[in-house]
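Everything below concerns the one structure shown next.
One is the number of the first residue; the rest follow in order along the sequence. These numbers were taken from a predicted model, which means no experiment stands behind them.
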Amino acid sequence: MNAKFFRIFTIVAIVLFTTVSCSTPEEASIESVEVVQFYEYNEAENETLDLINRYRDSVGLSTLEKINHISYKSYEHTEYMVETNIVGHDNFAERQANLHTALGALKVGENVAFNYSSPKSAVKAWIKSASHKANLDGDYTHFGISIRENESGQKFYTNIFIKK
């Protein structure tokens, strides 16, 4: 009798667990992310985007289309680097998730740079670095940029690429 009760209890528990824990696509909540529509590009940012597209064109790759939301996400990261004085890819997963949700990005890449005096010198350095060049040459369709200076005049660069 106990074995029969145990089997029935187990079956009921499994049915209840799968019914409660699984939801249909209609029931699943969809996270809403606001897409930033406006971004004011400075001269250095426009020059950097142009240099990247000229480089891509020179090696037979398609040029990329800028998206203001990507530049805004780049700006947030650049501001973080300026505030913390840490150059790197901290919180990249959050930027990637946002771009996936907000823009439908299938693939996301990011280049950062620090203390290059001009867009030309930063892009040249990215071309000379295998990992950065891989992003410049990557299978991407869109991009964004942010360049900001700290109080000492040192420049921080964030360049994000996506494929839609």
Do the side chain of K163 and the main chain of K107 share a donor and acceptor less than 3.5 angstrom apart? no
Least distance between heavy atoms, [X] atom then [Y] atom:
{"X": "L64", "Y": "F143", "value": "O-CE2, 3.4 Å"}
{"X": "S71", "Y": "S146", "value": "O-CB, 4.2 Å"}
{"X": "Y41", "Y": "L49", "value": "CE2-CD1, 3.9 Å"}
{"X": "R56", "Y": "S62", "value": "NE-O, 2.7 Å"}
{"X": "A102", "Y": "V33", "value": "CB-CG1, 3.7 Å"}
{"X": "L136", "Y": "V123", "value": "CD1-O, 4.5 Å"}

Residues D90 and Y80: side-chain donor-acceptor under 3.5 angstrom: yes
Are N98 and H69 close enough that a side-chain donor and a side-chain acceptor fall under 3.5 Å? yes
Looking at [atom1] of [X] and [atom2] of [Y], how far apart are the two atoms once the value is rounded to the nearest 0.5 Å?
{"X": "E65", "Y": "I162", "atom1": "CD", "atom2": "CD1", "result": "9.5 Å"}
{"X": "F161", "Y": "I52", "atom1": "CZ", "atom2": "CD1", "result": "4.5 Å"}
{"X": "I127", "Y": "Y55", "atom1": "CD1", "atom2": "OH", "result": "5.5 Å"}
{"X": "N68", "Y": "E40", "atom1": "CG", "atom2": "CD", "result": "10.5 Å"}
{"X": "E94", "Y": "F92", "atom1": "CD", "atom2": "CZ", "result": "10.5 Å"}
{"X": "N46", "Y": "I147", "atom1": "CG", "atom2": "CD1", "result": "9.5 Å"}

Audit row: Q154, F114, side chain to side chain contact (heavy atoms under 4.5 Å, CB included) steps and yes/no: CA-CA 7 Å; Q154 298 168 309; F114 169 68; 3.7 Å; yes
NE2/H100: more than 12 non-hydrogen atoms of other groups inside 6.0 Å: no
Quick check on the hydrophobic clustering: are V112 and F156 connected, directly or via other members, by side-chain heavy-atom contacts under 4.5 Å? yes
Do V35 and L99 land in one hydrophobic cluster if side-chain heavy atoms of ILVMFWY residues count as linked below 4.5 Å? yes
Quick one: side-chain hydrogen bond (donor to acceptor under 3.5 Å, both in side chains) partners of R148, sequence neighbours excluded? Y39, E45
Name all residues meeting the side-chain hydrogen bond (donor to acceptor under 3.5 Å, both in side chains) criterion together with N115; count only those two or more places apart in sequence or in a different chain, and write none if there are none. none
For Y157, the ring-ring contact (aromatic ring centres under 6.0 Å, His included) test, sequence neighbours excluded, returns none
Is the shortest heavy-atom distance from the side chain of [X] to the side chain of [Y] under 4.5 Å?
{"X": "H77", "Y": "R95", "answer": "yes"}
{"X": "W126", "Y": "N135", "answer": "no"}
{"X": "M81", "Y": "I86", "answer": "no"}
{"X": "T158", "Y": "I145", "answer": "no"}

Looking at Y140, does the NZ or CZ of K164 lie under 6.0 angstrom from its six-membered ring centre and within 45 degrees of the ring axis? no
Going through the checks in order, is the side chain to side chain contact (heavy atoms under 4.5 Å, CB included) test met by I160 and S74? CA-CA 6 Å; I160 298 177; S74 297; 3.4 Å; yes
